[in-house]
Participant: 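The structure follows.
Side chains included, hydrogens not; waters and symmetry mates left out as well; all remaining heavy atoms used. Remember, it's 1-based here, ligands and their atoms both numbered in the order they're listed.
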Amino acid sequence: MAVDSNKLIIFDTTLRDGEQSPGASMTRDEKIRIARQLERLKVDIIEAGFAAASQGDFESIHAISGIIKDATVCSLSRANDKDIARAAEALKPAARKRIHTFLATSPLHMEKKLRMTPDQVFEQAKIAVRYARQFTDDVEFSPEDGSRSDMDFLCRVIEAVIKEGATTINFADTVGYAVPELYGNMLRTLRERIPNSDKAVWSVHCHNDLGMGVANSLAGVMIGGARQVECTINGLGERAGNTALEEIVMAVRTRKDYFNLEIGVDATQIVPTSKLVSQITGFAVQPNKSVVGANAFAHASGIHQDGVLKARDTYEIMRAEDVGWSANKIVLGKLSGRNAFKQRLEELGITMESAADTDAAFIRFKELADRKSEIFDEDIMALVSDEQHSHEHEYYNFVSLTQQSSSASKPVASVVFSMGGKEEICKGEGNGPVDAIVNAIESKVASGAELLLFSVNAITTGTESQGEVTMRLSKAGRIVNGVGADLDIVVASAKAYISALNKLHSKIEKLNPQL
Ligand code: KIV
Ligand code: ZN
């Protein structure tokens with residue numbers, strides 16, 4: 001394979017590694033929305049999931065494969081025939097497809113997790129790549145826990161899998177143990193020592209356990225010669241997360257003088273993508289997060305503000321608009337009609353499943369516009385998410401609520417919602433309004449779930465903004481996030497709670513690839 005030495009391939013794994021964050025599991029429709037947005041962002045490869053993990057994952061990859069036209073669609077697969085065949089089946093409709101197979105190579109993982117000898121791992125890796133090549137000529141192999149593996153053994157395995165036809169080698173720092181210089185040097189040594197290393201693209205995949213995911217990835221690029229970076233939007237991923245796509249892209253762009261690499265990503269889509277992923281997964285972006293945090297371009301000190309007014313580049317190394325900060329643009333209002341609404345959906349890359357869904361979203365939009373004079377893009381995105389959460393096929397559906405609180409008495413709530421198609425009215429009281437609505441709902445549902453996290457964010461600026469609530473529930477080892485938005489944060493809380501209950505109810509059994 002010819003490797004373009006100036007191009008840095010962006011491999012997005014938000015829908016796979018990102019989804020492995022506790023509570024970040026997404027439905028098929030949510031994944032499709034994110035995949036469409038990733039295509040607008042112009043990433044090169046979308047890892048759409050792990051086909052053998054669950055029926056839901058399989059269906060999501062299959063659907064995304066049929067929709068995505070420009071990017072390569074990839075499925076993860078353990079190094080066995082069953083997983084690989086499942087990945088190939090899920091990817092069938094894709095215009096460009098990649099199978100990504102992996103096997104642990106560190107002594108610790110081989111002995112304790114896989115209970116395999118190095119020779120067995122060597123053979124299995126070869127067989128897996130050979131088999132994957134029967135379905136596509138784009139096959140990626142990852143030595144899992146690569147950064148803690150023995151160099152001689154890695155050289156042996158990687159040389160062999162390249163001979164079998166692996167076209168990308170992804171050097172995984174699975175547990176975020178690497179430090180930049182050592183990681184970069186390891187990669188360089190591998191490329192120098194493996195005789196056929198020039199037949200593959202080298203890739204980095206770095207977790208953020210020590211906060212060095214981006215630094216390690218960039219060292220892998222500059223010292224090690226990697227030309228693919230695996231990353232996720234907002235740095236989502238297992239444990240402390242993965243390498244943040246937005247940071248890689250903007251580091252390479254902003255410091256072109258040093259990196260001198262081309263990236264195909266449309267950076268103006270970074271912030272919309274970040275917002276979409278945060279809204280769907282319920283993982284809020286910290287305000288001081290690089291590039292996509294609310295404060296990333298806010299200058300608080302007088303000296304800085306003065307400097308920026310005189311010359312922007314005194315304190316700004318990037319321009320907010322270049323990464324898609326559009327400063328709360330008012331897009332629609334009370335008088336906007338169906339066509340304007342549909343056109344804005346299209347401009348935002350939102351495709352509703354059916355005309356009936358578009359009509360339902362339009363009705364919601366009109367209701368919102370009656371209560372809120374200025375409608376922003378963020379409002380439309382929240383509204384569409386809400387609409388997708390309130391489908392008839394959901395077991396629980398929010399209908400309405402009444403709630404009373406005062407500083408002198410215990411808050412009380414009455415909630416109307418449907419459960420399995422039957423409408424329920426329930427009452428509850430609590431220490432606060434949210435406690436009251438949860439107690440009301442639980443008086444009928446009795447889920448036994450524990451609330452791990454409650455967070456509320458204003459979707460846009462101003463007190464007129466909608467509030468977006470995330471509730472993270474845990475039950476029997478499963479963790480789910482529910483998200484709800486409304487002008488009334490108590491209503492948003494009820495919607496978030498019901499959305500989390502739906503996720504628990506769906507009981508999707510999902511296999512974690514790394515177990
Ligand atoms: O972190 C890791 O090792 C992975 C592999 C499956 C590439 O996610
Ligand atoms: Zn990973």
Side-chain angles (χ1 to χ4, degrees), residues 9-22 24-25 45-54 57 61 72 74-80 83-84 86-87 98-110 112-114 121 124-125 128-129 132 138-149 154 157-158 161 166-178 183 186-187 190 200-214 216-217 220 224 226 228-245 248 510-515:
I9 299 166
I10 298 295
F11 176 114
D12 180 276
T13 181
T14 308
L15 298 176
R16 198 279 297 169
D17 210 308
E19 205 202 16
Q20 285 173 227
S21 316
S25 66
I45 297 148
I46 298 173
E47 187 163 52
F50 166 34
S54 69
D57 254 49
I61 298 168
T72 297
C74 172
S75 170
L76 184 70
S77 141
R78 288 171 301 186
N80 65 56
D83 272 28
I84 292 169
R86 194 85 179 130
R98 171 177 296 187
I99 295 178
H100 173 193
T101 188
F102 74 99
L103 191 58
T105 47
S106 67
L108 189 64
H109 277 226
M110 288 190 291
K112 302 281 187 225
K113 183 181 89 165
L114 299 175
V121 167
Q124 189 168 325
V129 170
D138 188 346
V139 173
E140 174 169 326
F141 175 78
S142 293
E144 190 194 4
D145 206 17
S147 57
R148 292 195 298 170
S149 303
L154 271 180
V157 172
I158 295 173
V161 295
T167 43
T168 300
I169 299 296
N170 180 43
F171 185 42
D173 181 30
T174 304
V175 291
Y177 179 73
Y183 181 74
M186 255 183 115
L187 218 154
L190 287 170
V201 174
W202 287 73
S203 167
V204 286
H205 178 110
C206 299
H207 280 269
N208 208 27
D209 299 63
L210 294 173
M212 291 191 281
V214 170
N216 285 329
S217 298
Q228 173 178 289
V229 176
E230 301 205 348
C231 43
T232 57
I233 302 295
N234 300 337
L236 274 187
E238 280 269 358
R239 307 178 309 278
N242 210 304
T243 296
L245 178 146
I248 293 289
K510 223 174 140 78
L511 207 65
N512 185 320
Q514 268 123 352
L515 294 181

Participant: Rounded to the nearest 0.5 Å, what separates atom CG in L15 from atom CG in L76?
Facilitator: 12.5 Å
Participant: In terms of side-chain geometry, is the basic nitrogen of K113 or E144 positioned less than 4.0 Å from the acidic oxygen of its partner?
Facilitator: yes
Participant: Does a donor on one side chain and an acceptor on the other come within less than 3.5 Å for S77 and D83?
Facilitator: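 No, D83 and S77 have no side-chain donor paired with an acceptor closer than 3.5 Å.
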Participant: Please could you name the atoms of ligand 1 that D17 approaches to less than 4.0 Å, counting only its heavy atoms?
Facilitator: 8 (O)
Participant: Parallel, tilted or perpendicular for H100 and F11, by the 30°/60° rule?
Facilitator: perpendicular
Participant: To the nearest 0.1 Å, how far is atom 6 (C) of ligand 1 from its closest protein heavy atom, and which atom is that?
Facilitator: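 Minimum-distance protein heavy atom for atom 6 (C) of ligand 1 reads Q514 NE2, 3.6 Å.
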Participant: Kindly indicate whether the side chain of F171, heavy atoms from C-beta on, has any atom under 4.5 Å from the side chain of I158.
Facilitator: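 A side-chain contact under 4.5 Å is absent here.
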Participant: Tell me which part of E238 gets within contact of ligand 1: side chain, backbone, both or neither, using heavy atoms under 4.0 Å.
Facilitator: neither
Participant: Less than 3.5 Å apart, any donor N or O on the side chain of N242 or T232 sitting next to an acceptor on the other?
Facilitator: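 Side chains of N242 and T232: no pair found under 3.5 Å.
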Participant: Side chain, backbone, both or neither: which part of E230 has a heavy atom under 4.0 Å from ligand 1?
Facilitator: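 Contact part for E230 vs ligand 1: neither.
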Participant: Heavy-atom distances under 4.0 Å are what count here, so tell me which part of T174 touches ligand 1: side chain, backbone, both or neither.
Facilitator: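 For T174, the contact with ligand 1 is made by both the backbone and the side chain.
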Participant: Looking only at heavy atoms of R16, does any of them come nearer than 4.0 Å to an atom of ligand 1?
Facilitator: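 Per 4.0 Å heavy-atom rule, R16 contacts ligand 1.
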Participant: Decide yes or no for L114 and Q124: does some side-chain heavy atom of the first lie under 4.5 Å from some side-chain heavy atom of the second?
Facilitator: no
Participant: Give the atoms of ligand 1, by number and element, whose distance to some non-hydrogen atom of H100 is under 4.0 Å.
Facilitator: 7 (C)
Participant: Report, in ascending order of atom number, the atoms of ligand 1 lying under 4.0 Å from any heavy atom of A172.
Facilitator: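 So the answer, numbered in order with elements, is 3 (O).
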Participant: Run the numbers for me: atoms of ligand 1, each under 4.0 Å from some heavy atom of H207, listed by number.
Facilitator: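 So the answer, numbered in order with elements, is 1 (O).
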Participant: Counting N and O atoms only, with roles assigned by atom type, does the side chain of D209 sit under 3.5 Å from a partner on the main chain of A240, one being a donor and the other an acceptor?
Facilitator: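 Looks like no, no N/O pair under 3.5 Å.
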Participant: Numbering the atoms of ligand 1 from 1, which are under 4.0 Å from a heavy atom of S142?
Facilitator: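 With S142 as reference, the close atoms of ligand 1 come out as 7 (C).
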Participant: Please state whether the separation between the Zn ion (ligand 2) and some N/O/S atom of D17 is under 2.8 Å?
Facilitator: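 Looking at D17, which is the residue asked about, there is an N, O or S atom under 2.8 Å from the Zn ion (ligand 2).
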Participant: Give the numbers and elements of all ligand 1 atoms closer than 4.0 Å to a heavy atom of E144.
Facilitator: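 Going through ligand 1 atom by atom, the ones under 4.0 Å from E144 are 3 (O).
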